Amino acid sequence: MPLVSSGEMFKKAYGKYAVGAFNVNNMEIIQGIVDAAKEEQAPLILQVSAGARKYAKHIYLIKLIEAAMEDTGLSICLHLDHGEDFEICKACVDGGFTSVMIDGSKFPFEENIALTAKVVEYAHAHGVSVEGELGRLAGVEDAVKVNAKDATYTDPDQAVEFVKRTKVDSLAIAIGTSHGAYKFKGEAQLDFERLKKIAGLLPEFPLVLHGASTVLPEFVAKCNEYGGKLSDAKGVPEEMLKQAGTMGVCKINIDTDLRLAMTASIREHFAKNPSDFDPRQYLKPAREAVKNMVKHKLRSVLNCSNQA
Ligand code: G3H
Ligand code: 13P
Ligand code: ZN
């Protein structure tokens, strides 16, 4: 069963719900996510960052995801997350991905357009879809470091020009989300007026939200209860993300909430079983924690259960 592209998924989702794009970098995370998507019969995008690709190696990730499709019968889109240059996008197109992101958001507008258009030309010639990004998110990630003060929201008129000139298939916009676990001090608010304007100017065009983890307080608390030292942070309220899914946002990226669920489970395991040293003993409940978190997101945030 071949990997699928995101085009059909987005067409079906537009205006009704969003497809979850979950970051993967090892077998347990992949298994937890696909088992949840299977039980929920949900459409699914698995995405790989440059860091994940370096950590696990391209070939291992491809083979693991092929195994996941064979095992579950699910159609999966495999996407490059935050491709930072033409070369990594090309490597992923050539290496079997069905979707790539070229993140030129750190460049001036014209440079972002030129780079994105170059990736689109290559990817489209190979049947692969492309996500671009315009506007800047705040946050701390391995490869995505933007000072909160520099964060600027997406300009609606620029978004129209960007899509027209680059011919991207989807666009990540900045309307108040941020990457990582250390988000804004207060609760993040989405700029729905801006979203409405962008979606109105780009009818039926799939929009993407990055940095869409909510940093659920119970998981931060659980990490800290078992020896963690995470500071309090609040992500985007889940209700707001659900609403965005009815307003033209077709893809919602979630990584941090899965990391927190997995880490909380492993911390709890070792606190309660300090003499364990068999990785299966702590990775099995960790995988289950990922699965439960993804099921929750598919049902309550993405609203995409039974849409596979
Ligand atoms: O937005 C980025 C993703 O959360 C991936 O993070 O670069 O640490 O793999 P990473
Ligand atoms: P979070 O850090 O909020 O989970 O965002 C993940 C993301 O945007 C991946 O590209
Ligand atoms: Zn992102």
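The shown structure was predicted, so the numbers you read here are calculated from the model rather than taken from an experiment. Only this structure's heavy atoms are used, side chains among them; waters, hydrogens and symmetry mates stay out. Whatever order the structure lists them in is the order used to number ligands and atoms, beginning at 1.
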Completion exercise
Honestly, for Thr256 the part within reach of ligand 1 (heavy atoms, under 4.0 Å) is neither
Problem - Aromatic contact, Phe97 with His126 (centres under 6.0 Å) - result: no
Fill in the blank from the handout: Quick note on ligand 2: atoms under 4.0 Å from a heavy atom of His210 include exactly 8 (O), 10 (O)
Problem - With the Zn ion (ligand 3) as the apex, the NE2/NE2 angle for His82 and His179 - to 10° - result: 100°
Exercise for the section: State the atoms of ligand 2, each with its element, that fall below the 4.0 Å cut-off from a heavy-atom position in His82. Expected result: 10 (O)
Practice task
Measure the distances from the heavy atoms of Ser49 to every atom of ligand 1 and state whether one is below 4.0 angstrom.
Solution key: yes
Practice task
Mark the output for Arg259 as yes if a heavy-atom distance to ligand 1 is under 4.0 Å, and as no if none is.
Solution key: yes
Completion exercise
Going by chain and number, the hydrophobic cluster around Ile59 (ILVMFWY, side chain to side chain under 4.5 Å) further includes Tyr60
Practice task
Check whether any heavy atom of Gln47 sits under 4.0 Å from an atom of ligand 2.
Solution key: yes
Exercise for the section: Please indicate whether any nitrogen or oxygen in Ala212 is less than 3.5 Å from any nitrogen or oxygen in ligand 2. Expected result: yes
Problem - Min side-chain heavy-atom separation Leu171-Val208 under 4.5 Å - result: no
Problem - Side chain, backbone, both or neither: Asn25 near ligand 1, heavy atoms under 4.0 Å - result: neither
Handout entry: Region of Thr177 engaging ligand 2 - heavy atom pairs below 4.0 Å
Key = neither
Handout entry: His210, portion touching ligand 1 at heavy-atom distance under 4.0 Å
Key = neither
Handout entry: Ligand-side contact atoms (ligand 2) for residue partner Asp255, heavy atom cut-off under 4.0 Å
Key = 4 (O), 6 (C)
